[in-house]
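What follows is a single structure, written as structure tokens, with notes after it.
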Amino acid sequence: MLDYGNIGSSEDIEVPPLLIDQVIGHEESVETIKKAAKQRRNVLLIGDPGVGKSMIAKGMAELLPPEVLQDILVYPNAEDNNNPLIRPVPAGDGKKIVMASKHNEKGYGEKKTLITVFLIIGVMALGFVYNQILIALLACLFIFFISMQIKPQNISMGPKLLVSNGEKRFAPFVDGTGAHAGALLGDVRHDPYQSGGLGTPAHERVESGMIHKANRGVLYIDEIGTMSMKTQQELLSAMQEKKYSITGQSENSSGAMVHTQAVPCDFVLVASGNIQVLEGMHIAMRSRIRGYGYEVFMKDSMDDTEENRKKLIQFVAQEIKNDGRIPHFNPEALDEIIKEAKRRAGKKDALTLKLRDLGGLVRAAGDVAKEEGAKYVTSEHVVTAKKYSRTLEQQIADRSIVQRKEYAVFHPTGGKIGMVNGLSVIGDRSGLMLPIAAEAAPAQSTREGKIIATGKLGEIAKESVQNVSALIKKHTGTDISQYDIHVQFLQTYDGVEGDSASVSIAAAVISAIEEIPADQTVALTGSLSVRGDVLPIGGATSKIEAAAEAGIKKVIIPRSNMKDVMIEKKYEEEVEIIPVDTLSDVLENILIEGSKKSKLVEKMKAIGTAVTKVPEGVNNSYNTPNKS
């Protein structure tokens, strides 16, 4: 898969120190992020889960221009206890100020305690001298009570450190994903002892929000569209004003009476999500990002080039370094990871960028090697790890496939009229046999026949069934208005959606009408256009592997999907892949040889020639280039 040269294992691969340089396959997005960081612009990242949105956001924090970070202190307000004062100071000074205040308070406390003890001893001594012990004890209690109540103003006005940035080398990065309003915007704790002088001072109950902790840094929020509109509106206000006062979020809390001075929150917002998240975004929020920042759509795959393969093995080295508990990969194991990246991309000339899932495979392979005590991870470890790194949905899908195999309604031998072996995909990447049966009966209506399909079909699947009738009329010359055609999708407990069964439906219906057996050693998949062209489908690799597992000898797929086929080596010898372009090609490969088949194919070719022939003097504008 790659010329490794002097690389003996992933241990020899250099990992860049900056996080932004560890982002794989998103060169255009990274360039945009670098521009946004330089000018402190907000960014909206849209893409599938696991493609690196949060990693780019963290990398942006390292790229922000160097600024003097701040600590933020909150002081009590002598004039209005419910309106604490805010004071920003250089980073690191906040802790010193608070420690100095506590040191003064401690010194005063020690002096007060010492004076109180001397007074109590003196009073008790006088009590013994004048034989007034009871009065002396009462006087001591009074002195102790007065001592506890005395608290000089300069001591009770000590500040609280609200935000600390003293030990940060880079601008702060705060992940506010899924945070409730209080955690995001700040809150004031409830105090049940607020009356009677026993309560905690208001400034001590103030808690900073993530927007304040992200001051002069990056605030990252994933799936921002799931946040309530009210919270998004408050977040927008903080973005615009670059400061936001803290108050109690609950109306029933004593904290709702507290309202601080405005607290600095000059952050860069990096919001992210999939394309559906836009529906839940506040229109003004998106408008501000678009007007004062960038919107970035992230790819889910990259071109399969030597340069990108090198980036992929760099990703493996990064995952091993970050994990710190698994051994390094040898070149054969790195090759297997590249192959799996090709398979998961679904296209032969591409590599997947859903690297979070691929990272799970890397760690699973490392765990397998670690359990065996191996020095390096090998290709065998990676193959074994594929079983353990399946998603929960994938495991459920695979279990369903096993159960269906036990009660299979198809037999990969011989020929049957109106019965074909279709193919489908369940879960993320699991292929499944989809038997389809068709039966033609005399029409009950004198006007026209009907196509009746069963099997819990979705809208697209229903439409593909209806399109088949037009194709049959055109390409076979058979008048299907005399028939009621019943099409049944067998064992479709979870339903059928999509149009990739169009080819299978057409083959089953034609086999039933013309009474020509369909070869049961053949499985097929593909979408059909209304002109009879076989169009590409998804999941070609998974479908072919499912057919091979079921004992099928040949699989018919659209020719345009041939470049996407990445079946494992163990299946290459078991199944023959037949690419097709038209419905005629499909029937030639699935119907069993005989006089009926020969006549049907000849009739279809004659009809096809007549349809495509252009009469003299007629300008075929469809095939004529536009010269204007």
Side-chain angles (χ1 to χ4, degrees), residues 69-106 151-168 172 174-176 178-217 219 221 228 230-231 233-267:
L69 297 180
Q70 293 179 322
D71 290 343
I72 300 175
L73 297 168
V74 55
Y75 287 82
N77 188 341
E79 298 179 358
D80 184 358
N81 185 51
N82 287 327
N83 186 24
L85 306 177
I86 299 297
R87 179 190 171 194
V89 297
D93 287 358
K95 189 174 182 179
K96 296 177 183 177
I97 293 172
V98 171
M99 292 300 294
S101 175
K102 289 183 177 180
H103 179 74
N104 292 337
E105 185 175 353
K106 181 180 179 181
K151 200 169 187 180
Q153 187 176 9
N154 63 334
I155 296 299
S156 61
M157 297 290 280
K160 174 183 177 180
L161 184 58
L162 200 60
V163 175
S164 176
N165 287 310
E167 299 178 355
K168 288 187 171 68
V174 179
D175 189 348
H180 58 80
L184 184 67
L185 305 173
D187 205 348
V188 180
R189 287 181 284 114
H190 177 65
D191 183 8
Y193 304 108
Q194 57 181 320
S195 60
L198 301 176
T200 304
H203 77 287
E204 291 286 353
R205 294 185 281 125
V206 175
E207 301 293 342
S208 60
M210 292 177 176
I211 61 173
H212 308 112
K213 294 175 182 177
N215 183 42
R216 300 195 176 182
L219 175 65
I221 301 179
S228 71
K230 183 178 183 298
T231 304
Q233 181 64 53
E234 297 296 327
L235 181 61
L236 179 60
S237 299
M239 290 170 58
Q240 292 172 330
E241 302 297 330
K242 301 187 185 305
K243 54 187 178 180
Y244 189 85
S245 299
I246 300 175
T247 187
Q249 295 295 327
S250 173
E251 296 179 357
N252 298 323
S253 168
S254 62
M257 298 294 294
V258 179
H259 193 274
T260 71
Q261 287 184 329
V263 183
C265 56
D266 184 10
F267 57 86

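Since the model is a prediction, treat every value here as computed from it, not as a measurement. Just the heavy atoms: all of them, side chains too, but no hydrogens, waters or symmetry mates, feed the values below.
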Treating [X] as the side-chain partner and [Y] as the backbone partner, does any N or O pair qualify as donor plus acceptor under 3.5 Å?
X	Y	answer
S245	H259	no
D187	Q249	yes
H203	G158	yes
S254	H190	no

Pair up each side-chain donor or acceptor in residues 210-217 with any protein partner under 3.5 Å, not counting sequence neighbours, and list the distances.
residue, atom, partner, partner atom, Å
H212, ND1, G209, N, 3.0
H212, NE2, Y244, O, 3.1
N215, OD1, D266, N, 2.8
N215, ND2, Q70, OE1, 3.4
R216, NH1, V68, O, 2.3

Below 4.5 Å, heavy atoms only, C-beta onward: do [X] and [Y] meet side chain to side chain?
X	Y	result
I97	R87	yes
V74	S208	no
T260	L162	no
S253	V188	no

Just how far is it from atom [atom1] of [X] to atom [atom2] of [Y], taken to the nearest 0.5 Å?
X	Y	atom1	atom2	value
L219	L235	CG	CG	6.5 Å
T247	N83	OG1	CG	10.0 Å
L73	S164	CG	OG	9.5 Å
E234	L185	CD	CG	6.5 Å

Please give me the minimum heavy-atom distance between [X] and [Y], naming the atom from each residue.
X	Y	result
P90	D71	O-OD2, 3.8 Å
I86	P264	CG2-CD, 4.2 Å
V258	P84	CG1-CD, 3.7 Å
I246	G186	CG2-C, 3.8 Å

>> I'd like to check the side chain to side chain contact (heavy atoms under 4.5 Å, CB included) partners of E204; sequence neighbours left out, ordered by chain and number.
In response: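 Partners of E204 by the side chain to side chain contact (heavy atoms under 4.5 Å, CB included) criterion, ordered by chain and then number, come out as K160, T200, P201.
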
For R189, what residues pass the salt bridge (charged side-chain N to carboxylate O under 4.0 Å, His left out) criterion, not counting sequence neighbours?
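Salt bridge (charged side-chain N to carboxylate O under 4.0 Å, His left out) check on R189 returns E207.
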
Can you confirm whether K243 is buried at NZ, in the sense that more than 12 heavy atoms of other residues, nucleotides or ligands lie under 6.0 Å from that atom?
no

Please determine whether side chain to side chain contact (heavy atoms under 4.5 Å, CB included) holds for the pair V98 and K95, giving the CA-CA distance in whole Å, both sets of side-chain angles, and the decisive distance to 0.1 Å. CA-CA 5 Å; V98 171; K95 189 174 182 179; 5.9 Å; no

